[in-house]
Protein chains: 2
Amino acid sequence: MNALNVAEYMQSLGLQARQASARMSSASAAEKNRVLRTLAGKLRASFDALASDNARDLEKARAAGLAEPMVDRLKLTPKILETLAQGCEQLAAMPDIIGEVIGLTQQPSGIRVGRMRVPLGVFGMVFESRPNVTIEAASLSIKSGNACILRGGSEAIESNKALARLVRESLAEAGLPEDAVQLVQTTDREAVGQLIAMPQYVDVIIPRGGKGLIERISRDAKVPVIKHLDGNCHVYVDDPCDVDMAVTLADNAKTQKYSPCNASEGLLVARGVAARFLPRIGAVYAAKGVEMRCDAEARAILEKGFDKLSPNGLLKDATEQDWFEEYLAPIISIKVVAGVDEAIAHINHYSSHHTDAIVTRDHVHAQRFLREVDSASVMVNASTRFADGFEYGLGAEIGISTDKFHARGPVGIEGLTSLKWVVLGQGEIRQ
Amino acid sequence: MNALNVAEYMQSLGLQARQASARMSSASAAEKNRVLRTLAGKLRASFDALASDNARDLEKARAAGLAEPMVDRLKLTPKILETLAQGCEQLAAMPDIIGEVIGLTQQPSGIRVGRMRVPLGVFGMVFESRPNVTIEAASLSIKSGNACILRGGSEAIESNKALARLVRESLAEAGLPEDAVQLVQTTDREAVGQLIAMPQYVDVIIPRGGKGLIERISRDAKVPVIKHLDGNCHVYVDDPCDVDMAVTLADNAKTQKYSPCNASEGLLVARGVAARFLPRIGAVYAAKGVEMRCDAEARAILEKGFDKLSPNGLLKDATEQDWFEEYLAPIISIKVVAGVDEAIAHINHYSSHHTDAIVTRDHVHAQRFLREVDSASVMVNASTRFADGFEYGLGAEIGISTDKFHARGPVGIEGLTSLKWVVLGQGEIRQ
């Protein structure tokens with residue numbers, strides 16, 4: 001396809017999506033759930049058929065010299081398909097929030113005014129590598145009564161096409177328009193440029209991938225973008241707190257997995273508990289090979305502890321830049337603070353407003369932290385690793401937003417809807 | 001000020017607003033309400049002082065040859081100040097929604113997850129002519145715990161400065177930062193360009209004014225914009241309906257005022273009631289001098305009626321463009337449709353998704369219209385003129401949004417807030 005053809009092709013996808021979205025927005029809960037259950041069945045029954053398409057992607061990836069961990073991310077195994085099938089069934093079992101009316105109350109004029117939850121319309125999703133995103137996005141789109149245009153990575157194009165085919169068959173069998181879920185069939189990069197600049201057809205763009213991709217899309221999009229940038233998350237260990245709990249949480253938040261955006265990158269410790277807490281967490285981190293980049297006070301306390309442990313070079317001095325850093329690696333910045341005021345100020349200045357937690361026994365400190373820390377998720381006595389759509393009970397997650405506008409934090413079905421006003425009268429007129 | 005100075009000046013306003021917003025976000029309900037009540041008192045007590053500043057704007061406007069109706073819009077009368085004072089008191093009497101936690105429920109992991117309503121942070125408002133917007137925006141900003149930067153029209157600069165001074169005095173007297181409300185003191189146009197392009201300081205822009213201004217701001221803004229474009233609203237007279245009610249509503253929706261965005265511009269009539277309804281509404285419109293731009297079927301029915309009335313040239317043939325038009329004038333387009341299906345399709349195609357109403361007796365038609373018409377406000381048996389923050393019980397209105405993202409329709413305090421996630425644990429970790 002040349003650029004002109006790509007533009008025409010994307011416009012036709014847009015028009016078809018817009019038309020399909022009208023029907024989807026008034027689809028009944030039963031219709032949508034039938035699609036999801038049919039899709040679950042097809043995913044379980046189609047392993048052999050999918051395996052051959054998937055094999056073509058894997059072959060091409062290996063031929064292109066992709067590292068084996070990256071090739072692994074492209075694999076569709078029976079276990080992955082079963083997980084996707086279960087995800088569809090879980091969505092089908094969830095209540096349908098489309099059409100719900102909230103807060104219908106009578107006004108002095110006599111009219112009753114409330115708000116009805118309706119789909120946004122059409123969303124475009126741009127994602128990289130893992131083909132399961134095709135099913136996750138399609139199933140959320142169906143449940144929420146939207147239409148979607150999916151643009152996956154070129155390295156998974158055959159797998160994505162095969163999965164999208166199952167989705168479209170399931171839609172058709174339930175009497176709903178196939179074009180409610182469309183996969184962009186070309187790997188031409190120009191297709192993304194078009195997708196993010198058709199406000200007449202696409203209401204919102206959700207990019208999932210590297211920071212470069214997301215920044216580029218946000219800069220060029222002509223429609224709103226639900227985007228996730230950095231995850232520089234913190235644990236603040238307050239005075240007073242349960243030091244055992246603090247060690248457990250600071251350990252889990254940093255080391256349970258290093259790569260997720262909700263892993264903690266910064267540890268703040270109240271001066272009053274630093275001498276009791278730091279040597280213990282230092283020993284845990286040292287045993288796991290976690291590098292600690294410290295301010296002078298934290299380093300001094302940790303060094304005393306390390307005399308008894310091992311001088312293994314894991315203690316470093318933090319630079320100003322360290323407080324901003326999202327390491328996504330076995331590295332953590334550590335700072336001693338006077339108390340909750342300094343902790344809140346530090347977090348509001350340096351954190352990426354993703355997820356921040358306090359470990360405390362003090363009720364007033366807990367309330368202040370919850371209220372004053374300006375992050376998408378604020379936690380008391382829990383691991384930052386919980387910041388996730390499934391853990392929050394959303395049933396599924398289309399992405400995480402680090403913006404404040406519209407959706408914030410983990411985005412599920414509700415983030416794909418809007419509230420319109422409904423007015424019920426009996427002939428009332430404006431005086 | 002030269003361009004460089006304007007940029008520096010706006011950056012300094014931005015930084016001050018960001019700093020003030022931190023304090024405002026944790027201000028207590030009592031503190032914020034005290035500011036509003038103090039401000040109400042000052043507005044009532046300051047008529048003489050304000051009158052001299054206001055007189056300078058009026059003088060300048062007349063000297064510049066502004067038409068008297070435009071000059072009128074700049075006037076601060078005791079009645080306007082009393083209305084503004086009452087608005088502040090009403091806001092003070094409303095519950096404070098900042099800090100409210102909704103939906104706190106326990107998840108399988110043991111953590112309890114809910115959402116807390118918090119201010120967006122800083123909003124920028126760009127508006128024209130009427131100086132009362134200064135007080136309306138400032139009071140909503142204070143109640144919602146935000147900080148704001150206000151940029152009014154140059155024709156009202158002296159009045160705006162005087163009003164902003166009262167707001168800042170009221171903030172200071174309550175121990176809150178004056179910079180929570182800042183008025184841009186220069187009339188340099190470059191200031192707007194800066195204001196809409198400082199994402200580090202300003203979270204959202206709300207323009208109020210002509211379509212040209214709003215389109216320009218939406219195109220150039222680097223932050224989200226809550227914007228109101230067209231109001232091409234419809235009344236659909238269904239079969240069956242109470243024809244008396246239909247005449248009353250179609251009259252009020254069109255003629256109670258011609259200039260508001262929620263006045264109706266299009267009238268759709270079900271074929272089954274056209275012969276009974278159209279001659280009656282035609283007589284009402286003719287008596288008020290409303291021009292009717294009709295499809296052939298509506299015109300034929302109206303012409304029969306007009307034989308008995310007066311052939312006064314108010315009947316015209318509608319062009320395709322008429323169905324899209326926002327007249328804001330004594331003109332209405334009229335079309336006969338087969339029924340509710342065609343009415344919904346017509347509205348979803350031609351309307352500006354602002355406000356559309358059905359007049360009906362049929363429950364199924366009412367439910368379908370509410371669900372399927374994709375507009376910010378959908379109404380049954382009520383005048384479109386009700387689409388308004390005060391009529392909806394929002395207490396006040398900062399603007400109307402014709403977008404679906406974030407706020408939709410009339411925007412009150414809630415539209416100036418976001419929901420962040422709060423997680424309460426007892427030491428839970430991610431497995």
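Just so we're on the same page: letters track the sequence lines, and every chain starts at 1.
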Give, as side chain, backbone, both or neither, the part of [X] having an atom under 4.5 angstrom from any heavy atom of chain B.
X: S25(A); answer: backbone
X: D242(A); answer: neither
X: V359(A); answer: neither
X: E372(A); answer: both
X: L394(A); answer: side chain
X: I111(A); answer: side chain
X: S375(A); answer: backbone
X: P410(A); answer: both
X: V204(A); answer: side chain
X: M245(A); answer: side chain

Residue pair [X] / [Y], side-chain donor-acceptor N/O under 3.5 Å:
X: T384(B); Y: S264(B); answer: yes
X: T417(A); Y: R117(A); answer: yes
X: T360(B); Y: D362(B); answer: no

If you count heavy-atom pairs under 4.5 Å between each of [options] and chain B, which one has the most?
options: G409(A), A357(A), P224(A); value: P224(A)
options: K222(A), R115(A), R368(A); value: R115(A)
options: V118(A), D244(A), I226(A), I98(A); value: I98(A)
options: P119(A), G393(A), G121(A); value: G393(A)
options: M379(A), R371(A), R385(A); value: R371(A)
options: A387(A), A382(A), G415(A); value: A382(A)

Which atoms of [X] are under 4.5 Å from chain A, going by heavy atoms: the side chain, the backbone, both sets, or neither?
X: D356(B); result: neither
X: S218(B); result: neither
X: V101(B); result: neither
X: V113(B); result: side chain

Once the angle between the rings of F324(A) and H349(A) is folded into 0 to 90°, is it parallel (under 30°), tilted (30 to 60°) or perpendicular (over 60°)? tilted
